[in-house]
Asks: 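Pasting a structure here, questions to come.
So you know, we letter chains A, B, ... as the sequences are listed, proteins then strands, and number each from 1. Note that the structure is a prediction, hence the values are computed from the model and not measured.
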Amino acid sequence: MSAQITVNIAGSERSVPEQTTAADLFGDDRAVLVARVNGELRDLAHVLADGDNVEPVTAAEQDGLDVLRHSTAHVLAQAVQEVNPQAKLGIGPPIRDGFYYDFDVETPFNPEDLKALEKVMQRIINEGQTFHRREISDADALAELADEPYKCELIGLKGGAADDAAEGAGVEVGGAQLTIYDNLKKDGTRAWGDLCRGPHVPSTRVIGNAFKLMRSAAAYWRGSEKNPSLQRVYGTAWPSKDALKAYLDRLAEAERRDHRKLGAELDLFSFPDELGSGLPVFHPKGGIIKREMEDYVRRRHIEEGFEYVGTPHISKDGLFHTSGHLPYYADTMFPPMEFEGSNYRLKAMNCPMHNLIYKSRGRSYRELPLRLFEFGHVYRYEKSGVIHGLTRLRGFAQDDSHSYVTKEQAAAEIKHLLGFCLGLFRDFGLDDFYLELSTRDDSKKDKFIGSEEQWAEATATLEQVCVESGLELVPDPGGAAYYGPKVSIQARDAIGRTWQMSTIQYDFNQPERFGLEYQAADGTRQQPVMIHSAKFGSIERFLGVLVEHYAGAFPVWLSPVQVVGIPVAEDFNDYLWDVLKQMKEQGIRVELDESDDRFPKKIRNAAKAKVPFVLIAGAEDQAKNAVSFRYRDGSQENGVPIADAIAKVLAAIESKAQV
RNA sequence: GCCGCCUUAGCUCAAUUGGCAGAGCAGCCGCCUUGUAAGCGGCAGGUUGCCGGUUCGAUUCCGGCAGGCGGCUCCA
């Protein structure tokens with residue numbers, strides 16, 4: 001008697017009784033967490049309608065994984081309120097690799113609290129509580145959630161504003177219809193509930209034991225420092241215990257590569273307290289890497305038509321008023337030093353000074369593109385909490401260039417710069433990129449200077465070049481500098497993390513503010529456009545990225561020590577030194593381990609220092625006028641004739657090879 | 001800048017309820033040493049980040065500052 005409806009299941013039509021739910025179709029497969037009905041994610045309990053297109057969704061795809069993590073966040077919130085009924089709920093969305101949930105609690109969570117909460121969560125999960133969707137009117141929701149001030153605030157914002165409210169707020173209050181998800185125990189009683197758009201997994205049981213609370217930290221409510229600070233608990237959840245373990249292993253690998261740790265172990269650089277936060281010193285070994293990078297990058301710039309210039313570290317502040325930086329970036333410049341009736345500022349950017357070089361005499365169209373380049377040391381007053389190793393400093397060197405071009409030349413110059421940057425990264429062993437195009441935010445016009453037309457033209461020029469590059473392009477609305485749009489190159493490292501490297505910016509503002517001009521072929525005076533570009537962004541930062549990318553085991557050309565000689569016994573010191581001396585004469589960086597340590601200890605020391613070539617000599621080698629190599633992976637190459645050994649090392653340096 | 005946690009020898013870490021601060025590695029000295037990640041012995045190393053408070057007594061408890069870590073906000 002029951003009427004039938006037709007639904008389309010994962011591409012094939014099927015007739016099913018009315019009131020059939022997605023769970024009826026897929027419920028037997030426990031891997032199915034939710035359903036996608038006509039393109040929208042729905043609970044498995046969702047009742048299907050005639051003509052619906054239904055697909056099963058598992059944690060194998062991102063949508064399913066997000067739902068799993070979102071549901072785990074709910075279990076966390078339930079556990080928190082079970083332990084502390086006074087805790088007020090913020091939001092709890094899935095994020096990359098996990099989830100978080102924000103709480104307003106009297107006392108912040110400590111690591112023991114997290115352990116205890118994990119236990120409560122595991123109990124809830126093992127109980128197999130089920131998630132039930134309940135539609136509710138705004139008024140009823142406000143009454144039911146009277147004790148949850150943050151949820152009430154979200155209800156007030158529901159609709160278009162909610163997504164702007166905070167990352168993830170849309171997860172709580174999505175569309176027009178509010179819903180509450182109740183967690184029901186086996187006996188049908190309500191254990192807990194939360195305002196939530198859903199969908200959720202059918203039962204807490206599917207979370208299993210593949211979750212972990214990672215850390216707690218403060219976060220501003222709705223992402224604004226004007227709002228109260230909530231306590232955020234970060235967690236992670238995966239489809240299986242093995243996947244969780246793989247994730248934790250990845251984190252451990254990232255920690256192992258941490259440039260701050262390796263920088264100290266390999267004696268590359270340090271951050272002396274006496275200097276102040278965010279101000280590094282490079283030790284001799286780090287200095288070698290830094291200089292190799294600089295030498296190479298300087299040479300490449302010159303080959304690409306740039307001219308190397310030099311400018312001072314401080315200037316009277318009028319310059320930065322002319323450039324427009326001071327009104328916009330005074331907060332991130334160090335305070336002025338007053339003397340001789342002027343205020344001097346440490347420079348936070350090099351472009352104004354390059355503009356002065358441009359202006360130092362009349363310029364002809366024949367000189368354009370005019371490309372000025374330097375390693376410009378800039379100082380920025382970064383807030384104390386954001387300083388981070390070599391990646392966020394208060395003083396650093398930019399490999400900064402400014403190309404002065406005619407408007408017509410702009411596109412070609414940007415293309416030239418983009419190709420140049422990508423080539424440089426490849427030379428340093430990074431070859432996986434995408435682009436990000438940062439544009440003006442039209443709703444915040446006071447953050448930007450220049451006319452609509454200028455912005456439109458600049459943005460179109462950049463975008464055209466990006467698209468032509470064929471690289472993946474990610475939009476970043478509102479991310480532009482005040483003076484113009486920019487494209488940045490993001491590089492993926494050896495373990496898949498991305499780092500922002502180069503920026504290329506189209507600037508029509510500063511030429512105007514500085515009154516830059518050139519004389520055109522027809523005798524008229526015209527205004528050039530300037531293209532800012534930093535290839536590595538900052539030398540220090542790029543060095544930090546390389547340390548992590550290579551886990552401290554640099555390619556030979558960048559290695560501080562390229563060959564370390566280890567004699568099998570003291571008697572072979574002279575023989576080995578004779579070989580090393582020949583290498584040294586060819587510019588190879590060599591060391592001889594003449595210490596009193598025994599042979600195996602010397603091997604160990606060289607391995608810990610991650611030296612690419614360990615050169616060994618004993619009686620067998622000497623008898624054959626040869627040497628032996630030991631590589632970083634422990635492999636060996638014995639009895640190599642001396643001339644071959646030298647050629648081998650030279651070839652590895654020349655080809656920028658990793659060994 | 002905001003929130004939380006942390007700071008003991010050059011490094012990694014100990015120190016029972018507040019009662020004389022200890023180990024490994026590194027360093028220095030000596031002995032030993034012919035084949036691929038730690039040979040043996042000895043010596044030295046500290047105003048427990050800094051300043052103040054409580055106490056008979058503070059590495060330990062409290063406050064301030066500095067630096068670090070994790071987030072938030074920010075990132076020309």
Asks: With a cut-off of less than 4.0 Å, is there a side-chain N or O of A:H388 near OP1 or OP2 of B:G71?
Replies: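 A:H388 to B:G71 OP1/OP2: no side-chain N or O under 4.0 Å.
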Asks: Please write out the pairs of protein N or O atoms and N or O atoms of nucleotides 29-32 of chain B separated by less than 3.5 Å, giving the distance to one decimal.
Replies:
{"unit_1": "B:C32", "atom_1": "O2'", "unit_2": "A:R598", "atom_2": "NH2", "d": "3.0"}
{"unit_1": "B:C32", "atom_1": "O2", "unit_2": "A:R598", "atom_2": "NE", "d": "3.2"}
{"unit_1": "B:C32", "atom_1": "O2", "unit_2": "A:R598", "atom_2": "NH2", "d": "2.9"}

Asks: Counting the atoms with a prime plus P, OP1 and OP2 as sugar-phosphate, which does A:D571 contact under 4.0 Å by heavy atoms, base, sugar-phosphate, or nothing?
Replies: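 Contact class for A:D571: none.
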Asks: Under 4.0 Å between a side-chain N/O of A:K601 and OP1 or OP2 of B:G35, yes or no?
Replies: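 The answer is no; no side-chain N or O of A:K601 sits under 4.0 Å from OP1 or OP2.
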Asks: With rounding to the nearest 0.5 Å, note down the distance linking CG in A:L76 to CG in A:L213.
Replies: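 Reported value, rounded in 0.5 Å steps: 5.5 Å.
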Asks: Within the structure shown, what part of the strands sits under 4.0 Å from A:S277 by heavy-atom distance: base, sugar-phosphate, or nothing?
Replies: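 If one applies the 4.0 Å heavy-atom cut-off, A:S277 turns out to touch the sugar-phosphate alone, with no base involved.
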Asks: When you match A:K383 and A:K486 each to their closest nucleotide on RNA chain B, which lands nearer the 5' end?
Replies: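 With A:K383 and A:K486 compared, the 5'-side residue is A:K383.
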Asks: Could you check whether A:W221 and A:E153, counting side-chain N and O atoms only, form a donor-acceptor pair closer than 3.5 Å?
Replies: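 Judged by distance alone, the side chains do pair up.
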Asks: Any side-chain to backbone donor/acceptor pair from A:H259 onto A:L390? Under 3.5 Å, distance only.
Replies: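 Pair found, side chain donor or acceptor close to backbone of A:L390.
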Asks: Please tell me if A:Y575 has a side-chain N or O lying less than 4.0 Å from either OP1 or OP2 of B:U34.
Replies: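 The answer is no; no side-chain N or O of A:Y575 sits under 4.0 Å from OP1 or OP2.
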Asks: Where do A:Q86 and A:E106 land on the side-chain contact (heavy atoms from CB on, under 4.5 Å) test, with the steps shown first?
Replies: CA-CA 8 Å; A:Q86 301 308 311; A:E106 281 287 314; over 6 Å; no
Asks: Mind checking if A:D331 touches a base, just sugar-phosphate, or nothing, with heavy atoms under 4.0 Å?
Replies: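 Here A:D331 touches no strand at all.
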Asks: Do the side chain of A:R392 and the base of B:C74 come within less than 3.5 angstrom through a donor-acceptor pair of N or O atoms?
Replies: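 A donor-acceptor contact between them is present.
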Asks: Mark yes or no for whether A:R394, through its side chain, and A:L279, through its backbone, hold a donor-acceptor pair below 3.5 Å.
Replies: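 Answer holds: no.
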Asks: Decide whether A:H283 and A:S270 meet the rule of one side-chain donor and one side-chain acceptor closer than 3.5 Å.
Replies: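 Judged by distance alone, the side chains do pair up.
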Asks: Indicate, with a heavy-atom threshold strictly under 4.0 Å, whether A:R260 touches base, sugar-phosphate, or nothing.
Replies: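 Sugar-phosphate contact only - A:R260 comes under 4.0 Å of backbone atoms but never of a base.
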Asks: Does any N or O donor sit under 3.5 Å from an N or O acceptor when you compare the side chain of A:S628 with the base of B:G35?
Replies: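 Per atom types, the contact qualifies.
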Asks: Indicate whether OP1 or OP2 belonging to B:A37 is found under 4.0 Å from a side-chain N or O atom of A:R630.
Replies: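 Answer yes for this pair, as a side-chain N or O of A:R630 is under 4.0 Å from OP1 or OP2.
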Asks: Need one value for A:Y328: base, sugar-phosphate or nothing, where a base atom within 4.0 Å counts as base even if backbone is also close, heavy atoms only.
Replies: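 The answer is nothing, as A:Y328 stays clear of every strand by at least 4.0 Å.
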Asks: Is the charged tip of A:R69 near the ring of A:F99: under 6.0 Å from the six-membered ring centre and within 45° of its axis?
Replies: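 Here A:R69 fails the 6.0 Å and 45° test against A:F99.
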Asks: Base, sugar-phosphate or nothing for A:H532? Non-hydrogen atoms, less than 4.0 Å.
Replies: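 Nothing, no nucleic acid heavy atom in range.
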Asks: Checking all strands, does A:T503 fall into the base, sugar-phosphate, or nothing category for heavy-atom contacts under 4.0 angstrom?
Replies: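 Since no nucleic acid heavy atom lies under 4.0 Å of A:T503, the category is nothing.
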Asks: What nucleotide among B:C74, B:G70, B:G35 has an atom nearest to a side-chain atom of A:N638?
Replies: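 From the listed options, B:G35 comes nearest.
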Asks: Could you check whether A:K602 gets within reach of a base, just the sugar-phosphate, or nothing at all, counting any heavy atom under 4.0 Å?
Replies: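 Here A:K602 touches no strand at all.
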Asks: Which is true for A:Y482 with a 4.0 Å heavy-atom rule: it touches a base, it touches only sugar-phosphate, or it touches nothing?
Replies: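 Nothing, no heavy atom under 4.0 Å.
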Asks: Between A:C421 and A:M501, does a side-chain contact (heavy atoms from CB on, under 4.5 Å) hold up when you go through it step by step?
Replies: CA-CA 9 Å; A:C421 289; A:M501 310 263 82; over 6 Å; no
Asks: Select base, sugar-phosphate, or nothing to describe what A:E620 touches, counting heavy atoms under 4.0 Å on all strands.
Replies: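 The answer is base, as A:E620 lies within the cut-off (heavy atoms under 4.0 Å) of a base atom.
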